[in-house]
Amino acid sequence: MNAVRTFVFLDLEATGLPMDAPKITEICLIAVHVSSLYETGKGQLPRIMDKLCLCVDPEKPLTEKASNMTGLSNENLTNNEKQEFNANLIQAIGGFLKRQAKPICLVAHNGFSYHFALLKTEIYQLNVDFPDETLCLDSLHTFRKLDTSTPKLGSALTEIYKGYFGKEPPNSHTAEGDALALISVFICEARRILEVAKYKTWEEIRPMNTKRDIY
DNA sequence: TGCCAGGCCCTCTTTAGGGCCTT
């Protein structure tokens with residue numbers, strides 16, 4: 001396997017958790033070249049980042065908790081005339097990824113069980129898919145593999161961030177805010193993370209359980 | 001009618017159960 005040249009940090013906001021058969025309400029992809037991961041100091045963000053952030057009409061009600069947490073609602077998404085998860089969005093993501101140096105690795109916190117799985121479910125419903133050679137890395141699993149004795153870290157993204165920076169991550173529970181927080185902590189441990197990283201291919205990602213009616 | 005994820009990790013484990021993490 002060729003060494004990853006671009007890490008694309010992914011965060012989704014959605015109508016709920018997997019038991020709610022969620023639909024995406026916001027997606028953010030931030031692409032960072034591997035050289036920037038090594039050259040950026042702790043507490044700084046890379047100067048060169050490509051960002052794609054899109055709000056999405058989920059076409060189903062948000063749970064109250066999800067709406068309160070994210071600040072997104074069916075009302076404000078509709079009032080802003082956001083489109084559903086459709087071919088335009090897939091085309092935008094596809095074009096964004098094509099601009100990045102390959103191989104590409106998507107990174108998300110709890111990605112294997114949530115973000116990648118949900119994104120794959122939504123993409124499948126449009127009868128399209130990402131290239132199978134796209135790699136995926138779950139930062140939740142990866143951080144748990146690290147020796148976190150100093151500082152003592154929880155494994156939630158906010159806890160990991162507080163462990164390194166001693167404060168709450170800014171703009172938490174917005175897709176861009178969480179993606180940037182993930183980049184910040186990833187940079188703190190980039191070399192160690194890449195030593196223990198266990199990648200999956202996009203093909204290996206299991207879609208989120210869809211046995212319940214999602215419409 | 002009721003339906004309530006799932007992969008990973010830890011331990012009071014391995015013939016299992018429970019908690020974490022994501023909105």
Side-chain angles (χ1 to χ4, degrees), chain A residues 8-30 53-77 82 84-85 89 106-125 135-149 152-164 168-169 171-186 189 193 196-215:
Chain A
V8 178
F9 296 87
L10 165 70
D11 193 77
L12 304 175
E13 305 306 322
T15 57
L17 290 171
M19 65 281 278
D20 304 311
K23 299 274 282 183
I24 293 170
T25 55
E26 187 179 29
I27 181 169
C28 183
L29 300 166
I30 304 181
C53 299
L54 295 167
C55 290
V56 182
D57 178 356
E59 298 185 302
K60 73 174 291 182
L62 282 83
T63 66
E64 185 177 357
K65 190 169 183 181
S67 187
N68 290 337
M69 183 181 288
T70 65
L72 298 173
S73 65
N74 296 102
E75 183 181 14
N76 63 17
L77 289 166
K82 295 296 102 179
E84 68 276 19
F85 194 101
L89 189 148
L106 302 175
V107 185
H109 206 66
N110 202 20
F112 292 160
S113 294
Y114 189 79
H115 297 86
F116 302 143
L118 175 53
L119 183 58
K120 191 159 195 171
T121 298
E122 295 257 30
I123 287 175
Y124 267 13
Q125 288 164 6
L135 296 173
C136 300
L137 179 62
D138 190 330
S139 55
L140 170 63
H141 296 173
T142 309
F143 269 94
R144 281 175 171 168
K145 285 184 182 177
L146 300 180
D147 176 10
T148 58
S149 56
K152 180 65 178 174
L153 301 174
S155 52
L157 179 58
T158 53
E159 294 303 307
I160 293 174
Y161 188 96
K162 284 191 285 188
Y164 285 110
E168 295 280 343
N171 303 313
S172 189
H173 298 304
T174 67
E176 181 177 4
D178 287 347
L180 289 172
L182 179 55
I183 293 172
S184 294
V185 297
F186 199 95
E189 299 285 0
I193 286 172
V196 303
K198 186 177 179 182
Y199 300 97
K200 286 187 179 183
T201 64
W202 179 254
E203 188 178 22
E204 292 173 316
I205 299 298
R206 294 183 59 180
M208 192 171 283
N209 190 316
T210 57
K211 65 184 178 185
R212 297 183 69 195
D213 185 10
I214 65 171
Y215 296 105

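Everything quoted here is computed from the prediction, not taken from an experiment. Chain naming here is simple, since letters A, B, ... match the order of the sequence lines and numbering starts at 1 in each.
Within the 3.5 Å criterion, the main-chain N or O of A/V56 finds no donor-acceptor partner in the side chain of A/E84.
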Can you check nucleotides 20-23 of chain B for protein contacts, nitrogen or oxygen pairs under 3.5 Å, and list what you find?
from, atom 1, to, atom 2, distance (Å)
B/dC20, O3', A/S155, OG, 3.4
B/dC21, OP1, A/S155, N, 2.9
B/dC21, OP1, A/S155, OG, 2.1
B/dC21, OP1, A/A156, N, 3.1
B/dC21, O2, A/N110, ND2, 2.9
B/dT22, OP1, A/L157, N, 2.8
B/dT22, O4', A/N110, ND2, 3.1
B/dT22, O2, A/N110, ND2, 3.0
B/dT23, OP1, A/D178, OD2, 3.4
B/dT23, O4', A/Y114, OH, 3.0
B/dT23, O3', A/E13, OE1, 2.6
B/dT23, O3', A/A14, N, 3.0

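A gap of 12 Å separates the P atoms of B/dG17 and B/dT13, to the nearest Å. Nucleotides B/dT23 and B/dC4, compared at atom C1', are 14 Å apart to the nearest Å. Annotation: B/dC9 and B/dT14 have their C1' atoms spaced 14 Å apart (nearest Å). Rounded to whole Å, the C1' atom of B/dC12 lies 23 Å from the corresponding atom of B/dG7.
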Per-pair distances, 0.1 Å, donor-acceptor, side chain in residues 68-75 of chain A, under 3.5 Å, sequence neighbours excluded:
from, atom 1, to, atom 2, distance (Å)
A/N68, ND2, A/E64, O, 3.3
A/T70, OG1, A/A66, O, 2.8
A/T70, OG1, A/L72, N, 3.1
A/S73, OG, A/E75, N, 3.4
A/S73, OG, A/N76, N, 2.9
A/S73, OG, A/N76, OD1, 3.2
A/N74, OD1, A/L62, N, 3.1
A/N74, ND2, A/K60, O, 2.9

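No side-chain heavy atom of A/L17 sits under 4.5 Å from any side-chain heavy atom of A/P22. In this structure, A/L10 and A/C28 have side chains that are not in contact, with every pair of non-hydrogen atoms separated by 4.5 Å or more.
Under a 4.0 Å N-O distance rule, the pair A/K23/A/E59 does not qualify as a salt bridge.
If you take CG of A/D138 and P of B/dC9, they are 10 Å apart, rounded to a whole angstrom. Atom C1' of nucleotide B/dC9 and atom NZ of A/K145 are separated by 12 Å, given to the nearest angstrom.
Around the CD atom of A/E203, the shell of radius 6.0 Å holds no more than 12 heavy atoms that belong to other residues, nucleotides or ligands.
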